[in-house]
Amino acid sequence: MDTFQALLERRLASALSAAGLPRAGEVTPAADARFGDYQTNAAMVLAKQRGENPRALAQKIVRAIEVSDFADKPQIAGAGFINFTLRAEAVAAKTAALLNDDRLGVARADSPKKIVIDFSSPNVAKPMHIGHIRSTVLGDALARIAEFLGHDVIRDNHIGDWGTQFGMVIWGWKNLLDRDALARDPIAELVRIYKETNERATADPAIREACREELVKLQAHEPENYGIWKQCVDLSMQEFARTYELLGIRHDIVCGESFYNDRLAGVVERLLASGIAEESEGAIVVFFRDVAELADKPIIVRKKDGGYNYATSDVATVDYRVQDLKRDTCWYVVGAPQTLHFRQIFEIARREGVTADLRHIPFGNILGEDRKLMKTRAGESVPLREVLDEAVERARKIVEEKNPDLAEAEQQEIARKIGLGAVKYADLSQYRMTDYVFSWDKMLSLHGNTAPYLQNAYVRIQSIFRKAGEVPPSSNISLTEPAELVLAKRLCQFAEIVPTILNDFRPNILANYLFELANSFHAFYEACPVLKSEEPARSSRLALCRLTAKTLQRGLALLGIEVPERM
RNA sequence: GCGCCCGUAGCUCAGCCGGAUAGAGCAUCGGAUUUCUAAUCCGACGGUCGGGUGUUCGAGUCACCCCGGGCGCGCCA
């Protein structure tokens, strides 16, 4: 099923060909409703290329183009724009067709990719904190969208489960561990022993040395230390799993840093053999002398003490994803501060002949109301679980106040959908690079571009259907009121915008669309009574409601957000 | 020093490959309810898009130079 945009592009191409002109320009949604629904700049682009008059070229194109089966006669305006206005019957027919399409008109990708998405990536022996929201929620949404578009997606949790900090964790485990505390709250106890060990090591060189020895034993896979490490990983994973379950997020594989341990020596040998890496000041280093931005920014792949660092394991990770997982596309949903690191890693991969599309998808920070990095009063990062629990609790209070008659269990379930939806949407509705200010009042507001506002539109529709009782689903749609036409056109645009999200990894494009859809629906709801209207308007409006609900539900699902039936 | 990101209404933010008179929400002010969830809608007010130069028929968007803020840059991850 073609979108109107795709249809117009095809008709434009035919017209250009018939007029003896090369393909040029594009069809975009009109900037403003008074210019119709779609516009093309083809005449202006051609005029520039050929040094001809744009309006004359536009005339030529308009004479050659055939759109009368779904649009009014194209209008020429401004410097040479050609504007198209859809006919209401065509919009009605398209809307009716969408009702019977599970994909709501969204085409599958022409060439499906085999993608691995690296997202969330928390650190073992530390709690997930507010800073993990963006990677987790953004990566999950991109995975859902890519899958819906027909791509083959593997979700990989590249957990931080290896590194020098484990020397201290193991020393603390052996000397400071409180078993009861560990049973009560494993992560908190691991954090406590790590912090205390760190303090002692700072003050006492003997303890510092002992920690180093524990680390060396771990790296040699000495059974006791390896066992302690494994317990730390398992306990952490259990904790992460609870958070992911609450969020409704899953991974297909968990290949953390330790997964690559036995591949690191091989990576360095290979880089040395190929001349990509060289020895420098005792370390093994890759220089990028021929790349201007990287010329003075080498990267170490083996420390002078013989140890490897995360650059090494990231090179090994590229290998595994491309060769073992057979991926042609790798997305790294990792914060903006790591931009340089990934440029270096990708440049190494390029030198090794990797042709897969390696993409760092960076994002900005979450700020507190003071516009500084969000922290607790004590100056520590805010645990993610606390944020999510508070979101649900705040939503519950609102539901309780607005809808006291609902059973408590239902209130709780609604609160979960609203609270978590609010947190996710606050993140996804913003361009990923902007640092955004975390505000409970804003994200839980029923006004404006928020999850509850969108969920409310869905709920109002469900309420209509509950009142309507048994209605045979009709796809007889006639659009007479302006608000009906605006809503129907909006519904047709879903299929146009979804594929564009992945151009630059911007789920906020979808969020903005859904906000506008909900807006159009609310306007329709005010202007057009549904149940009290006469046939055939009643059936037609019910059909519009049904498609709106389906589109809201599907769109929010692509963002990882659920809809309640009441709220 | 080198590099990356951000700077749009009083506040919080949209604005995808350059396209027409730059849009929302909050706040402020004014309206709408015997009506399907007013948990909503409609309207008004509000802008030298940080500054400048350039490319272009056309620049918030592209290039270069400044200013301001954030972040990163050989042995942490």
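Side chains are part of it too, since the values below use all heavy atoms of this structure and drop only hydrogens, waters and symmetry mates. Here is the naming used below: chain letters follow the sequence lines, and residue numbers restart at 1 for every chain.
The base of B/G25 has none of its N or O atoms less than 3.5 Å from a complementary donor or acceptor on the side chain of A/Asn449. Contact of A/Asp32 with B/A22 (side chain to base): no donor-acceptor pair of N or O atoms is detected under 3.5 Å.
Rounded to a whole angstrom, the distance from the P atom of B/C5 to that of B/G15 is 16 Å. Spacing of P atoms, B/U40 relative to B/A22, comes out at 30 Å, to the nearest Å. Across B/G1 and B/C66, the matching P atoms stand 10 Å from one another, rounded to whole Å. One C1' atom belongs to B/C13, the other to B/U55, and the distance between them is 30 Å to the nearest Å. Comparing the C1' positions of B/C65 and B/A77 gives a spacing of 37 Å, expressed to the nearest Å. Comparing the same atom, C1', in B/U53 and in B/A59 gives a spacing of 13 Å after rounding to whole Å. Separating the C1' atom of B/C71 from that of B/G47 is a span of 29 Å, rounded to the nearest Å.
Across all strands shown, A/Asn83 has heavy atoms under 4.0 Å from base atoms, whether or not it also approaches the sugar-phosphate. A/Tyr525 comes within contact range of at least one nucleobase, with a heavy-atom separation under 4.0 Å. Within 4.0 Å (heavy atoms only), A/Arg432 reaches no atom of the nucleic acid at all. Within 4.0 Å (heavy atoms only), A/Met433 reaches sugar-phosphate atoms of the nucleic acid but no base atom. Contacts of A/Gln430 with the nucleic acid, taken as non-hydrogen atoms under 4.0 Å apart, involve only primed sugar atoms and P, OP1 or OP2. When heavy atoms are screened at a 4.0 angstrom cut-off, A/Val459 is found touching base atoms of the nucleic acid.
Taking a cutoff of 4.0 Å between a charged side-chain nitrogen and a carboxylate oxygen, A/Glu257 and A/Arg263 do not qualify as a salt bridge. With salt bridges taken as basic N to acidic carboxylate O contacts below 4.0 Å, one links A/Arg351 and A/Glu347. Between A/Arg212 and A/Asp305, no side-chain nitrogen of the basic residue sits less than 4.0 Å from a carboxylate oxygen of the acidic one, so the salt-bridge criterion is not met.
Listed nucleotides: B/C41, B/A39, B/G19. Nearest to the side chain of A/Asn41: B/G19. Considering only side-chain atoms of A/Phe515, the nucleotide from B/A24, B/C41, B/C4 that sits closest is B/A24. Listed nucleotides: B/C6, B/C41, B/C57. Nearest to the side chain of A/Ala79: B/C57. Candidate nucleotides B/A14, B/A20, B/C42 were compared by shortest atom distance to the side chain of A/Gln39, and B/A20 ranks first.
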Would you check, one step at a time, whether the test side chain to side chain donor-acceptor pair (under 3.5 Å) holds for A/Asn365 with A/Tyr436? CA-CA 7 Å; A/Asn365 298 312; A/Tyr436 77 88; over 6 Å; no
Kindly indicate, with the supporting measurements, whether the criterion ring pair (Phe, Tyr, Trp, His ring centres under 6.0 Å) is fulfilled by A/Phe505 and A/Trp331. CA-CA 10 Å; A/Phe505 312 104; A/Trp331 295 346; 4.9 Å; yes
Dump the intermediate steps for ring pair (Phe, Tyr, Trp, His ring centres under 6.0 Å) on A/Phe346 and A/Tyr332, then the final yes or no. CA-CA 11 Å; A/Phe346 297 168; A/Tyr332 294 77; 5.4 Å; yes
Output, in order, the C-alpha distance, side-chain angles, deciding distance and verdict of side chain to side chain donor-acceptor pair (under 3.5 Å) for A/Asp161 and A/Ser258. CA-CA 6 Å; A/Asp161 61 356; A/Ser258 70; 2.7 Å; yes
Look for any protein N or O under 3.5 Å of an N or O in nucleotides 16-18 of chain B and output each such pair with its distance, or none.
{"from": "B/C17", "atom 1": "N3", "to": "A/Glu26", "atom 2": "OE1", "distance (Å)": "2.9"}
{"from": "B/C17", "atom 1": "N4", "to": "A/Glu26", "atom 2": "OE1", "distance (Å)": "3.3"}

Nucleotide N/O to protein N/O under 3.5 Å, stretch nucleotides 26-32 of chain B:
{"from": "B/C26", "atom 1": "OP1", "to": "A/His447", "atom 2": "ND1", "distance (Å)": "3.4"}

Distances for protein N/O vs nucleotides 70-77 of chain B N/O pairs under 3.5 angstrom?
{"from": "B/C75", "atom 1": "O2", "to": "A/Lys304", "atom 2": "N", "distance (Å)": "2.7"}
{"from": "B/C75", "atom 1": "N4", "to": "A/Glu281", "atom 2": "O", "distance (Å)": "3.0"}
{"from": "B/C76", "atom 1": "OP2", "to": "A/Lys303", "atom 2": "NZ", "distance (Å)": "3.3"}
{"from": "B/C76", "atom 1": "O2'", "to": "A/Thr164", "atom 2": "OG1", "distance (Å)": "3.4"}
{"from": "B/A77", "atom 1": "O3'", "to": "A/Glu257", "atom 2": "OE1", "distance (Å)": "2.6"}
{"from": "B/A77", "atom 1": "O3'", "to": "A/Glu257", "atom 2": "OE2", "distance (Å)": "2.4"}
{"from": "B/A77", "atom 1": "N6", "to": "A/Tyr310", "atom 2": "OH", "distance (Å)": "2.8"}
{"from": "B/A77", "atom 1": "N1", "to": "A/Tyr310", "atom 2": "OH", "distance (Å)": "3.3"}

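Remark: the A/Gln411 side chain and the A/Glu400 side chain contain no N/O donor-acceptor pair separated by less than 3.5 Å. Looking at A/Thr500 and A/Glu496, their side chains never bring a donor and an acceptor atom within 3.5 Å of each other. Side-chain contact, A/Arg490 with A/Ser520: a donor N or O sits under 3.5 Å from an acceptor N or O.
Toward the 5′ end of RNA chain B lies the nearest nucleotide of A/Phe465, the other residue of the pair A/Ala518 and A/Phe465 mapping further downstream.
Per the geometry, CD belonging to A/Glu565 stands 19 Å off P belonging to B/C36, to the nearest Å. Regarding A/Ile414, its CD1 atom lies at a distance of 12 Å from the C1' atom of B/A39, rounded to whole Å. The interatomic distance linking A/Leu487 (CG) with B/C41 (P) rounds to 14 Å, in whole Å. Look at CD on A/Glu516: it is 19 Å from P on B/C13, rounded to the nearest Å. Distance, A/Lys467 NZ to B/U35 P: 11 Å, rounded to whole Å. Atoms CG (A/Asn508) and P (B/G25) sit 17 Å apart, rounded to a whole Å.
Across residues 532-540 of chain A, A/Lys532 each have a non-hydrogen atom less than 4.0 Å from an atom of RNA chain B (numbered order).
When the salt bridge (Lys or Arg N to Asp or Glu O under 4.0 Å) test is applied to A/Asp32, the partners found at least two apart in sequence or on another chain are A/Arg34.
Paired with A/Leu428 under the rule side chain to side chain contact (heavy atoms under 4.5 Å, CB included), one option of A/Leu556, A/Leu142, A/Leu558, A/Val137 passes, and it is A/Val137. Checked options A/Gln493, A/Gln5, A/Lys489; the residue passing with A/Asp37 is A/Lys489 (criterion: side-chain hydrogen bond (donor to acceptor under 3.5 Å, both in side chains)).
Taking only side-chain nitrogens and oxygens, A/Asn512 never comes nearer than 4.0 Å to OP1 or OP2 of B/G23. Contact annotation: A/Thr434 side-chain N/O to B/A14 OP1/OP2 distance is under 4.0 Å. One finds no side-chain N or O of A/Tyr436 lying less than 4.0 angstrom from the OP1 or OP2 phosphate oxygen of B/G25.
By the 5.5 angstrom centroid cut-off and the 30-degree plane limit, A/Phe35 is classified as stacked against the base of B/A20. Stacking between A/Phe81 and the base of B/A20 is present: ring centres sit under 5.5 Å apart and the planes differ by under 30 degrees.
Expressed to the nearest 0.5 Å, how far NZ of A/Lys297 lies from CG of A/Leu340 amounts to 7.0 Å.
Aromatic pair A/Tyr453/A/Phe515: ring centres closer than 6.0 Å.
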Dot-bracket for RNA chain B, 5' to 3', Watson-Crick and G-U pairs with both distances under 3.5 Å, [ ] for crossing pairs, | for partner on another strand, reads (((((((..((((.....[...)))).(((((.......))))).....(((((..]....))))))))))))....
